[in-house]
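Have a look at the structure below before the remarks.
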Amino acid sequence: LRQTPEVALLYIAALVNTDPPRADEGDRVLIRLEQLGQKLGEEPQMLIARARIEASRGRTVRAIAAMKRGFAVIDGVPREYTNWARNLGRVIGEDDPEAVAAFVREVRSGYDEASSQYRWLTFALGGTLSNDDATRAEGVTVLRSLAETPAVDPVIRRLCYQNIGSALY
């Protein structure tokens with residue numbers, strides 16, 4: 001196999017999804033990537049991988065710190081925002097959407113409401129809420145409000161409508 005960041009990230013995902021998770025091997029992969037020149041603390045995907053490794057070890061504080069840093073370093077690329085949102089449950093707990101929503105609200109509180117980051121976090125919040133039976137209506141309301149705001153990036157608006165469709169049908 002070629003030692004590329006893309007292959008390494010797929011490998012790390014497989015390692016942390018095994019039972020039991022193979023976090024030590026995931027750490028070795030990240031160390032090797034760093035040796036190859038990857039800037040682990042500056043790249044969202046690498047920080048998400050770190051968060052998943054820490055979460056697989058039950059190190060919630062470290063996992064959450066890596067997720068916060070991972071969001072902070074995203075440079076406006078929609079794919080990176082959606083990847084971050086997709087990994088929230090895997091890091092914080094797929095069986096605890098309330099904890100995921102609380103985390104997103106906490107991160108979101110650090111951004112101005114008119115900022116792109118705030119809007120992406122609102123999208124993540126709406127997606128989290130709309131995926132849970134108990135909060136589906138609230139999630140759809142959050143997504144619909146965001147989607148119907150003309151100043152919101154068209155990519156976010158389209159993704160909101162897609163999530164609304166998935167939640168309702």
Over all heavy atoms of both residues, which pair between Asn163 and Gly127 is shortest? Give the atoms and the distance, please. ND2-CA, 3.8 Å
Tell me the side chain to side chain donor-acceptor pair (under 3.5 Å) pairs involving residues 57-69, sequence neighbours left out? Asp24-Arg57, Asp27-Arg57, Glu54-Arg59, Lys68-Glu106
Would you compute the distance between atom CG of Leu47 and atom CZ of Arg52 and round it to the nearest 0.5 angstrom? 14.0 Å
Does Trp120 form a side chain to side chain contact (heavy atoms under 4.5 Å, CB included) with Val152? I'd like the steps, not just the answer. CA-CA 10 Å; Trp120 278 107; Val152 171; over 6 Å; no
Heavy-atom closest pair (Gln38 atom, Pro5 atom, distance to 0.1 Å) is OE1-CG, 3.2 Å
Close side-chain approach of Arg119 and Leu146, heavy atoms under 4.5 Å: yes
Just how far is it from atom CZ of Arg108 to atom CG of Leu125, taken to the nearest 0.5 Å? 5.5 Å
Restricting to pairs with a member in residues 125-135, which pass side chain to side chain donor-acceptor pair (under 3.5 Å), not counting sequence neighbours? Asp133-Arg136
For residues Phe71 and Tyr111, establish whether the separation of their ring centroids is below 6.0 Å. yes
In Å and rounded to the nearest 0.5 Å, what is the CZ to CG distance from Phe123 to Leu159? 4.5 Å
Check whether Asp96 reaches the backbone of Ala99 with its side chain - one donor and one acceptor, N or O, closer than 3.5 Å. yes
Derivation and outcome, side-chain hydrogen bond (donor to acceptor under 3.5 Å, both in side chains), residues Arg90 and Asn17: CA-CA 10 Å; Arg90 294 174 182 145; Asn17 288 334; 5.8 Å; no
Should side-chain heavy atoms under 4.5 Å link Ile, Leu, Val, Met, Phe, Trp and Tyr, which residues sit in the same cluster as Val77? none
Measure the spacing between CG of Leu121 and OG of Ser115 and express it to the nearest 0.5 Å. 8.0 Å
Using a side-chain heavy atom cutoff under 4.5 Å and only I, L, V, M, F, W and Y, what cluster partners does Leu9 have? Tyr11, Ile12, Leu15, Val16, Val29, Leu30, Leu33, Leu40, Met46, Ile53
Whether the Glu80 and Gln45 side chains hold a donor-acceptor pair (N or O, under 3.5 Å, no angle test) is what I'd like checked. no
Can Val104 be reached from Val61 by stepping across I, L, V, M, F, W or Y side chains whose heavy atoms are under 4.5 Å apart? no
From Arg22 atom CZ to Arg28 atom CZ, the distance as rounded to the nearest 0.5 Å: 8.0 Å
Taking Asn87 for the side chain and Asn83 for the main chain, is one N or O donor matched with an acceptor at less than 3.5 Å? yes
Looking at Ala124 and Leu88, what are the two nearest heavy atoms and their distance? CB-CD1, 4.2 Å
Does any part of the side chain of Val73, heavy atoms only, come nearer than 4.5 Å to the side chain of Glu43, both counted from C-beta? no
Just grab all the side chain to side chain donor-acceptor pair (under 3.5 Å) pairs involving residues 137-146, residues at least two apart or on different chains. Arg105-Glu138
For Ala55 versus Ala63, what's the shortest heavy-atom pair and its separation? N-CB, 3.7 Å
Nonpolar side-chain network containing Leu10, other nodes, edges under 4.5 Å: none
Would you confirm whether Trp84, through its side chain, and Ile48, through its main-chain N or O, come within 3.5 Å as a donor-acceptor pair? no
Near Asp112 CG, under 6.0 Å, is it more than 12 heavy atoms from other residues, nucleotides or ligands? yes
Are there over 12 heavy-atom neighbours, none belonging to Glu148, within less than 6.0 Å of that residue's CD? yes
Whether the side chain of Thr18 engages the backbone of Pro20 through a donor-acceptor N/O pair (distance < 3.5 Å, no angle test) should be reported. yes
Shortest non-hydrogen contact from Ala167 to Val140? CB-CG2, 4.0 Å
Intermediate values then yes/no, side chain to side chain contact (heavy atoms under 4.5 Å, CB included), Val91 and Phe103: CA-CA 11 Å; Val91 172; Phe103 172 74; over 6 Å; no
